[in-house]
Amino acid sequence: MDIPVYRAGDAPIRAYFIERKTKETQIAAGLCLDGGEVSVSTGIGFFDHMLTALAFYAGFGLELEARGDLHVDGHHTVEDTGIVLGQAFRQALGDRTGIRRFGSAFVPMDEALCFTALDCSNRPFLVFDAAMPQPMIGSYDSCLTEEFMRAFAVNGGLTLHQKCHYGANAHHITEGLFKSLGLALKDAVRVEGGGVVSTKGVL
């Protein structure tokens with residue numbers, strides 16, 4: 001794949017470029033925690049919309065191209081994108097010195113109210129409590145949101161809790177979850193000091 005990316009070593013330093021190729025997917029991504037252009041192409045329109053919203057509300061630069069076996073379904077593409085973004089996030093954070101570490105956010109989307117709380121703890125865990133009233137959102141299986149969040153949390157070293165308090169539209173619920181994740185990440189990666197925010201002295 002030939003896409004412009006943030007490569008390790010470029011300024012600002014909190015950036016990482018990654019490529020991952022399997023028999024099911026080929027993904028290239030450049031992630032910059034300190035901002036930049038956002039361009040996403042996965043072959044799944046709604047998923048592109050969600051990743052764009054995630055990066056926008058996080059204040060991240062993200063350039064990502066994914067090609068997957070969409071003739072099967074979107075599962076491999078969505079999950080593997082979560083893996084790649086999680087790995088890029090972990091690398092871009094480095095030793096996590098000075099970051100705020102914790103973040104949380106509520107996002108209302110029409111009738112839906114969604115919440116995300118996270119900890120850049122290096123102890124991966126996902127709690128996901130968001131029922132999807134409709135099985136499909138365009139060509140996107142609504143159950144894949146949980147798969148993406150799990151892959152992102154595990155590979156990014158995040159303790160991630162997400163909940164939809166109420167909602168009747170799977171589009172609104174999913175969008176609220178991605179946007180609240182972005183807002184929570186924006187707070188969590190903000191540099192506030194020179195030390196590691198942990199009583200153990202390391203994350």
Side-chain angles (χ1 to χ4, degrees), residues 5-6 12 14-16 18 29-42 44-66 78 81-93 96 99-121 126-130 132 137-138 140 142 144-167 169-192:
V5 294
Y6 304 99
R14 295 201 308 170
Y16 196 76
I18 184 171
L31 177 68
C32 179
L33 304 186
D34 298 305
E37 296 297 319
V38 177
S39 176
V40 177
S41 177
T42 67
I44 306 171
F46 181 74
F47 189 43
D48 291 353
H49 179 43
M50 293 300 95
L51 293 176
T52 299
L54 167 60
F56 177 84
Y57 286 99
F60 293 169
L62 174 63
E63 300 186 47
L64 182 144
E65 183 177 337
V78 172
T81 297
I83 291 171
V84 166
L85 284 181
Q87 291 175 349
F89 179 79
R90 183 191 290 269
Q91 293 295 328
L93 269 185
R96 310 186 183 212
I99 63 167
R100 187 174 186 270
R101 176 179 168 177
F102 298 97
S104 62
F106 276 100
V107 167
M109 283 291 300
D110 293 350
E111 87 298 338
L113 180 64
C114 297
F115 177 71
T116 293
L118 61 84
D119 177 7
C120 298
S121 60
L126 174 68
V127 176
F128 187 88
D129 182 8
M132 297 293 171
I137 309 168
Y140 176 86
S142 57
L144 295 181
T145 299
E146 183 173 2
E147 299 301 323
F148 171 83
M149 297 301 177
R150 180 177 294 107
F152 181 68
V154 168
N155 287 274
L158 293 173
T159 302
L160 176 61
H161 291 240
Q162 291 198 303
K163 182 177 180 62
C164 175
H165 287 271
Y166 42 80
N169 184 302
H171 183 135
H172 297 157
I173 293 168
T174 303
E175 190 163 348
L177 292 170
F178 272 90
K179 287 180 176 179
S180 62
L181 174 61
L183 290 168
L185 286 169
K186 185 175 185 177
D187 275 349
V189 305
R190 188 170 66 242
V191 177
E192 292 189 332

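All values reported here derive from a predicted model rather than from experimental measurement. Sequential numbering from 1 along the given sequence is applied to the chain's residues. Note: hydrogens, waters and symmetry copies are ignored here, and every other heavy atom, side chains too, is used.
- Looking at D48, its side chain does come within 3.5 Å of a backbone N or O of T42 through a donor-acceptor pair.
- Residues L54 and L185 are in side-chain contact: their nearest non-hydrogen atoms beyond the backbone lie under 4.5 Å apart.
- Looking at residues two or more places apart in sequence or on another chain, you find a side-chain contact (heavy atoms from CB on, under 4.5 Å) between T52 and V38, V40.
- Relative orientation of the F106 and H165 rings is tilted, given thresholds of 30° and 60° on the angle between their planes.
- In this model, no donor atom of one side chain and acceptor atom of the other lie less than 3.5 Å apart for S180 and Y57.
- Of all heavy-atom pairs between G103 and D187, the closest is CA-CB, 4.2 Å.
- Counting heavy atoms from C-beta outward, D129 and C164 have side chains that stay 4.5 Å or more apart.
- Residues Y16 and A92 share a closest heavy-atom pair of CB-N, 4.1 Å.
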query = How far apart are the C-alpha atoms of E63 and S39, what are their side-chain angles, what is the distance that settles it, and do they pass the side chain to side chain donor-acceptor pair (under 3.5 Å) test?
reply = CA-CA 5 Å; E63 300 186 47; S39 176; 5.6 Å; no

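- At distances below 3.5 Å, at least one donor-acceptor pair connects side-chain atoms of R90 with backbone N or O atoms of N155.
- Scanning both residues, V189 and R14, for their nearest heavy atoms gives O-NH1, 2.7 Å.
- Inter-residue side-chain proximity for H172 and E111 is flagged as met; some heavy-atom pair is nearer than 4.5 Å.
- Of all non-hydrogen atoms in I173 and A112, the two that sit nearest each other are CG1-CB, 3.9 Å.
- Among all heavy-atom pairs drawn from C120 and F89, the shortest one is SG-CZ, 4.1 Å.
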message = Applying side-chain contact (heavy atoms from CB on, under 4.5 Å) to D110 and N169, what does each step give before you reach the verdict?
response = CA-CA 9 Å; D110 293 350; N169 184 302; over 6 Å; no

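- For F56, the CZ atom sits in a loose shell: 12 or fewer heavy atoms of surrounding residues, nucleotides or ligands are nearer than 6.0 Å.
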key: Intermediate values then yes/no, side-chain contact (heavy atoms from CB on, under 4.5 Å), E146 and L126   = CA-CA 9 Å; E146 183 173 2; L126 174 68; 4.3 Å; yes

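- A pairwise comparison of heavy atoms in S142 and A170 identifies CB-CB, 4.4 Å as the closest pair.
- Side-chain contact between L33 and L93: present, with at least one pair of heavy atoms (C-beta onward) separated by less than 4.5 Å.
- Within 6.0 Å of atom NZ in K163, more than 12 heavy atoms from other residues, nucleotides or ligands are found, so the atom counts as buried in its surroundings.
- In this structure, L85 and L64 have side chains that are in contact, with non-hydrogen atoms separated by less than 4.5 Å.
- Applying the side chain to side chain donor-acceptor pair (under 3.5 Å) criterion to E175, with sequence neighbours excluded, gives H171, K179.
- Counting only heavy atoms from C-beta outward, the side chains of M149 and L160 approach each other to under 4.5 Å.
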